[in-house]
Amino acid sequence: MKEFGSDFHYIDTYTSGRAHLTDVYRGATLLADGRQCIVALIRQYGWKRIWMPDYFCYEVIDTIKEQTGIKVKFYEDSPLHEGQVENLPFKEGDVLLRMNFFGLREQRDNRKITCPVIEDHTHDPFGHWALYSDADWCISSIRKILPLPEGGMMWSPKGHNLDINLIASEENEKIAAIRLEGMEMKAAYLKGEDINKDDFRKKYTETEDWFDHSEPTLIDDRSKEFVSKQLDINLWQGAKRKNWVLLKSLVKSDVCKMLEPEDDSCTMFSLVLYFDTKEIRDSVRKRLIESCVYPAILWVVPDGASEAARDFSERMLSVHCDGRYKEEDIKKLASILNKALEI
């Protein structure tokens, strides 16, 4: 592999006529993006306040506030410090959003929560918590974990109906087509073809900006076809789990620890490294980028967030090791990681 991480390139090696996303979640609604699912639900129910973990993607929070006008209340919750949501001062018109960070958590019970609950299973929509949830609604930004130009999914474990009318958008189809073209260009680039990297990066960044402001719309036709009739989700998930186990076994370091899930049913979103200090994290990140490995910081949180959220944000790196990589790629990635971790 020429480089690691960042946006998905075009992948068509996991197709079959067997288990597909829509076979697992029959009746799920597929939108262009995960944040659109939250916006659609707030509009349907007219909630006045939404409780969000203070460790979260604040670009998504900005979109939710901009498009619905809802008041956002924060509670302390981050990967290493779980919030006690049962004791929050809920009142009528509230909704709670819970997040399974990186697929770390086993199932959580919502029976003592006195307001409706939305769960965000973006990082592991096929883990035990997602599959056996008792939330009112679950959402997942599937474009973050599957090789898609776009995609968000919402379903109700309690059997609630989505009553608002959502339609396909011609503009969205165009955006998805541009992102798909960027994915195809990146695939060619990774194979060594004469492709200017800036050209496909521009397609990614320009279309990513669209998700920050777009109205909720049904997923584009091509992505819907891919997840409902082509991508074998068992093959993809199996490769992802295998790659994570292999990478974790090969990486050795005294300056960080690797986060592990609570249960074997969980599938980790990535290899999550938690460093002793921010300075070490930043140094390792610089070394990795110089070696064409592009780890993610998920997420940068504002000064107003809790100390635990800010600490984790400043000391973590997320290293992609999903189904886009083969065994030899993971071994190469591990070698680069180990060299970068020699502080």
Side-chain angles (χ1 to χ4, degrees), residues 1-22 30-34 122-123 125-126 140-153 168-169 171-211 214 217-244 267 269-270 292-296 318-330 332-333:
M1 184 66 69
K2 190 173 182 178
E3 62 180 49
F4 297 86
S6 195
D7 295 287
F8 282 109
H9 59 278
Y10 178 73
I11 301 169
D12 63 355
T13 53
Y14 289 91
T15 58
S16 82
R18 297 189 297 274
H20 306 122
L21 177 71
T22 50
L30 300 179
L31 301 185
D33 182 66
T122 291
H123 290 165
F126 308 105
S140 175
S141 190
I142 55 175
R143 70 188 184 96
K144 301 295 186 180
I145 63 158
L146 302 176
L148 298 168
E150 65 173 31
M153 177 175 68
S169 159
E171 180 184 17
N172 179 56
E173 291 287 340
K174 292 178 180 177
I175 292 295
I178 293 171
R179 284 188 72 86
L180 178 58
E181 185 178 1
M183 293 171 67
E184 292 171 338
M185 291 173 66
K186 183 174 181 179
Y189 166 81
L190 293 174
K191 291 178 181 177
E193 296 183 23
D194 186 18
I195 300 290
N196 188 327
K197 184 175 181 178
D198 290 338
D199 289 342
F200 66 77
R201 280 176 54 84
K202 184 178 180 182
K203 293 180 184 295
Y204 284 123
T205 56
E206 288 182 350
T207 54
E208 189 66 32
D209 290 341
W210 182 84
F211 290 110
S214 61
T217 176
L218 295 178
I219 194 171
D220 71 285
D221 290 339
R222 186 267 167 196
S223 296
K224 181 179 180 181
E225 174 83 8
F226 187 65
V227 297
S228 60
K229 296 182 180 179
Q230 298 175 26
L231 180 67
D232 188 318
I233 204 66
N234 287 339
L235 290 177
W236 177 263
Q237 287 292 102
K240 184 178 181 180
R241 290 172 69 94
K242 181 179 178 181
N243 284 346
W244 184 86
T267 300
F269 172 75
S270 60
C292 297
V293 175
Y294 300 98
S318 169
V319 181
H320 296 92
C321 54
D322 47 62
R324 74 185 97 172
Y325 305 116
K326 298 179 181 178
E327 183 176 329
E328 55 266 33
D329 297 322
I330 296 297
K332 179 181 177 181
L333 176 59

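What you see below is based on every heavy atom in this structure, not just the backbone, and it leaves out hydrogens, waters and symmetry mates. None of these values were measured; they are calculated from a predicted model.
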Inter-residue atom distance [X].[atom1] - [Y].[atom2], 0.5 Å rounding:
X	Y	atom1	atom2	result
Lys326	Asn243	NZ	CG	11.5 Å
Leu218	Glu173	CG	CD	9.5 Å
Thr207	Lys174	OG1	NZ	15.0 Å
Lys186	Asp7	NZ	CG	5.5 Å
Arg201	Glu206	CZ	CD	12.0 Å
Phe4	Lys332	CZ	NZ	5.5 Å

Discussion item. Can you list everything that forms a ring pair (Phe, Tyr, Trp, His ring centres under 6.0 Å) with Tyr10? Sequence neighbours excluded, please.
Written reply: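 With sequence neighbours excluded, Tyr10 shows a ring pair (Phe, Tyr, Trp, His ring centres under 6.0 Å) to no residue whatsoever.
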Least distance between heavy atoms, [X] atom then [Y] atom:
X	Y	result
Ile178	Lys203	O-CD, 3.8 Å
Leu333	His320	CD2-O, 3.7 Å
Asp220	Ala176	CG-CB, 3.4 Å
Gly151	Ile219	CA-CD1, 3.7 Å
Gly34	Ser141	N-OG, 3.5 Å
His123	Lys240	O-NZ, 4.3 Å

Fill in: Arg241 CZ: over 12 foreign heavy atoms closer than 6.0 Å
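Buried by this count: over 12 neighbours within 6.0 Å.
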Can you check whether [X] reaches [Y] side chain to side chain, under 4.5 Å on heavy atoms?
X	Y	answer
His20	Val227	no
Val319	Pro295	yes
Phe226	Leu148	yes
His9	Arg324	yes
Asn234	Arg18	no
Met183	Phe200	no
Lys2	Lys197	no
Asn172	Trp210	yes

Discussion item. Between Trp244 and Asp322 (side chain of the first, backbone of the second, donor and acceptor by atom type, cut-off under 3.5 Å), is there such a pair?
Written reply: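 Checking the backbone N and O of Asp322 against the side chain of Trp244, no donor-acceptor pair under 3.5 Å is found.
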Practice prompt. Kindly say whether Tyr14 contributes a backbone atom to a donor-acceptor pair with the side chain of Asp232 at under 3.5 angstrom?
Written response: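 No, the answer is negative, given that no donor and acceptor are paired below the 3.5 Å cut-off.
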Worksheet item: Does Glu208 pair with Arg143 as a salt bridge, N-O distance under 4.0 Å?
Response: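 Answer for the salt bridge query: yes.
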Fill in: Geometric cation-pi criterion Arg179 and Phe211, 6.0 Å radius, 45° cone
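Verdict for Phe211: no cation-pi partner in Arg179.
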Worksheet entry | Phe269 six-ring centre to Lys144 NZ/CZ under 6.0 Å and within 45° of normal |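 Because its charged atom misses either the 6.0 Å distance or the 45° angle limit, Lys144 does not stack over Phe269.
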Practice prompt. Using side-chain contact (heavy atoms from CB on, under 4.5 Å) as the criterion, point out the one residue from Thr15, Ile11, Ile145 that pairs with Trp236.
Written response: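 Answer to the side-chain contact (heavy atoms from CB on, under 4.5 Å) test with Trp236 among Thr15, Ile11, Ile145: Ile11.
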Discussion item. Under a plain distance cut-off of 3.5 Å, with no hydrogens placed, do Ser228 and Thr22 share a side-chain donor-acceptor pair?
Written reply: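 No, no side-chain donor-acceptor contact under 3.5 Å.
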